[in-house]
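To start, the structure under review is shown below, and the notes come after it.
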Amino acid sequence: MLDDVTNPADVEPLLSRAPSGRFLITSRRATGWHGVAEEIPLDVLSCDDAVRLFTSVRGGEDSDAAELCEELGCLPLAVTQAAAYCLETDCTVRVYMDDLAAYPDEMYAETYEGGDHERTVARVWHVTLDRLADDPLAVRILLTMAWYAPDGIPRGLFAHLGTPLAVRRALGRLAAHSMITLSGDTVTVHRLVQAVSRTRADADRHRNPEAIGDACAAAVKALARAVPEDVDDPSAWPVMRSLLPHVQALAEHVRPEEDTAAMAYLLTRTGGYMLGAGMRLAGGAFDLLRRAEVASVRYHGPEGAQTLVARVLLARATRMLKSTEEATPIAEAVLADCTRVLGPDHEVTLAAMSNMHQVASLQGDTERALRLAEACLVGVARLRGAEARSTFEARNRLVMALTAVGEMTRAGDLCDELLADCTRALGEEDPATLSVRSLRTALAGQRELPETLIKLMAGVHSVGEEDEEGLIAALRVLIQQVGAVDPEQFTRATEEDVSAAERDLDTCRRVLGDDHANTVVARLVLLQVYAATRDPRYAEPAKDLLTEVLSVISANESALAFMLRVFGALHTVIDELPRPPDE
């Protein structure tokens, strides 16, 4: 057996003198073995195997062992190192994890008495980087990717660090030394390699504070550079989905007080994307936007343009995720400040006005909501043009404002025109088109809209403080533009209406995914149509659909009970559909 071979060329003379027999060679070198030996890649352990290894070394059971192994990425060397340390110092796994969080540099270098100090996690990392010292770009890339999520790191994030050839060569060398794994356009790096690469160590020339700080700054700037200009454009969504895990990981690794101007920009844009990307993501946008606002004030001042952008998005998040009482003064203040600083026709001011329109709807001030919706549409159309998606969205909001004041005929006519224009300009399956189509279905045959529906169309439903905060956040994002089912307010739906609503839902699922707000709205509109048929045949499909809606929020029983109460209050729980009148 030949252990820890650095270079395949080192063993070729030995192998040439042994024409028969078998050799077992271990090496961290992943490439260069063709013509020398058959490669057998070794992966990390499964979680169960890692726990068994830990227990066999440490002895005894510890309920936190699985969590520690997960934290160590189930790397055999790290698991063995941790288990031996716990055995020798007689400390619990929880104490070890606490020390690892508090003193990572020392803990990654720790070994047990009599252990090989050259085979600790930190030492192996250092030796490998020494072998790459002739390629500073490779070291810089490794330290930069340490701030991201471990999987699916886009290779394009490192393009600005050097020429395409140099970056490709650096990534190849890191892969050759088993520091990363390349897969198409993405990179995977072991989380423990990342953890060591983020840990400052004055005595390690690769991990001195300056190198770590530079790598963190490079990681932030690379993500900020990769974020599309318009995160609300559906064409940007695939890019944002690929970047989101890395922005979230970066936010976890960087302390808020260390946020730079580039970090504030990155968090602002990401938070804006999350608000519109689906109910599960929207709940996490609030903290990112609040953090972005603080950093923006620090670098741009309380009335800087970037600060106002963050404040408008935070006001929107507050409307979606908090109570109307909390959202109202924030929306009023940010609209006043944007108007004074940027002027009434600036796109940021118009975004603040749109948010204020929806807050006014929640307050029941329908006349003001209508005035704001009309003014917003005029401004957006002048700024963006009649064919812009943002103009179509402003027209959609005007339709909802008209329904709130009871102008159902005008609302229906404008909605028909808007649907035709969206279909022509954006296509049948654009998110804006799908949103308008759901609204048109909700309005069809309806003589008036109840106050609860007006509030839901504004994007928020206020609930009691006794309900769970996370559930409230999810619910408020969920119930947007949803119609209420009240047989007295609907003409009877036909089979054709049912088929159309089912097609709309299928399209939303396919194009937007199950979690998108428009898909949830399409489900609820279909529930509305089922009820409006007053046909008992749709009772079971309606119950199944309601269960599906609830499952998007939570499988928690308290969530189910809460949603049932809300649907009951909105006359939309379909436990029993109205029976057809006797002939």
Side-chain angles (χ1 to χ4, degrees), residues 231-232 267-268 270-293 307-339 347-366 368-373 375-377 380 390 393-394 396-398 400-401 403-404 435 439 451-465 467 469-482 516-518 520-521 553 566:
V231 296
D232 293 324
L267 296 179
T268 299
T270 303
Y273 161 73
M274 292 172 72
L275 288 178
M279 52 171 295
R280 290 189 178 96
L281 289 181
F286 186 85
D287 289 340
L288 289 187
L289 290 169
R290 184 166 52 186
R291 178 170 165 178
E293 182 194 27
T307 302
L308 291 174
V309 170
R311 287 182 59 198
V312 169
L313 288 171
L314 186 58
R316 178 183 166 195
T318 304
R319 169 181 58 79
M320 295 172 67
L321 304 171
K322 306 293 182 178
S323 68
T324 305
E325 289 73 20
E326 186 174 350
T328 300
I330 295 174
E332 295 277 18
V334 75
L335 176 57
D337 289 343
C338 287
T339 302
E347 61 182 349
V348 178
T349 305
L350 293 171
M353 186 183 299
S354 174
N355 183 65
M356 190 66 242
H357 142 68
Q358 296 182 78
V359 171
S361 294
L362 291 171
Q363 293 175 310
D365 190 349
T366 57
R368 184 188 182 195
L370 179 58
R371 291 195 304 272
L372 288 168
C376 189
L377 174 56
V380 171
S390 54
E393 292 169 347
N396 197 355
R397 290 190 291 272
L398 176 59
M400 291 188 287
T403 65
S435 177
L439 176 59
E451 182 180 356
T452 49
L453 175 57
I454 295 170
K455 288 187 176 183
L456 294 177
M457 283 183 162
V460 180
H461 181 75
S462 297
V463 293
E465 293 182 356
D467 297 298
E469 181 179 351
L471 178 58
I472 292 172
L475 178 67
R476 286 173 176 154
V477 180
L478 165 71
I479 313 179
Q480 301 182 51
Q481 304 174 357
V482 54
H516 195 275
N518 286 351
V520 178
V521 169
I553 302 175
V566 172

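The structure displayed is predicted, hence computed values, not measured ones.
Shown are Leu267, Thr318, Leu275; of these, the side-chain contact (heavy atoms from CB on, under 4.5 Å) with Leu289 is made only by Leu275.
The minimum heavy-atom distance between His516 and Gly276, with the atom names listed, is NE2-O, 3.3 Å. Looking at every heavy atom in both residues, Asp232 comes nearest to Gly272 through OD1-O, 4.3 Å. Here the closest non-hydrogen pair linking Leu372 and Ala360 is CD1-CB, 4.4 Å. Contact between Ser354 and Cys376 at its shortest, heavy atoms only, is CB-SG, 3.9 Å. Shortest non-hydrogen contact noted between Gly271 and Ala285 is O-CB, 3.6 Å. Between Thr268 and Leu313 the shortest heavy-atom distance is O-CD1, 3.5 Å.
Using a 4.5 Å cut-off on side-chain heavy atoms (C-beta onward), Val312 and Asn355 make no contact. Looking at Ser435 and Leu439, their side chains never come closer than 4.5 Å, going by heavy atoms from C-beta outward. Side-chain contact between Ile330 and Leu314 is absent, with no heavy atoms from C-beta onward closer than 4.5 Å. For the pair Thr349/Leu335, a side-chain contact is recorded, criterion being any heavy-atom separation below 4.5 Å from C-beta on.
The line from CD of Gln358 to CZ of Arg316 is 8.0 Å long, rounded to the nearest 0.5 Å. Separation of atoms CG (Leu377) and CG (Leu398) is listed at 6.0 Å; rounding is to 0.5 Å. The CE atom of Met356 sits 5.0 Å away from the CD atom of Gln363 when rounded to the nearest 0.5 Å. Put simply, CZ on Arg290 and CG on Leu288 are 10.5 Å apart, with the number rounded to the nearest 0.5 Å. We find the CG-NE2 distance between Leu370 and His357 to be 9.0 Å, quoted to the nearest 0.5 Å.
The backbone N or O of Glu325 sits nowhere less than 3.5 Å from a side-chain atom of Thr328 that would complete a donor-acceptor pair.
Residues meeting the side chain to side chain donor-acceptor pair (under 3.5 Å) test with Glu326, sequence neighbours left out: none. Under the rule for a side chain to side chain contact (heavy atoms under 4.5 Å, CB included), the partners of Leu350 that lie at least two apart in sequence or sit in another chain are Met353, Val380, Leu383. By the side chain to side chain contact (heavy atoms under 4.5 Å, CB included) test, Thr307 is found to be paired with Ser296, Val297, His300, Arg311, residues two or more places apart in sequence or in another chain being considered.
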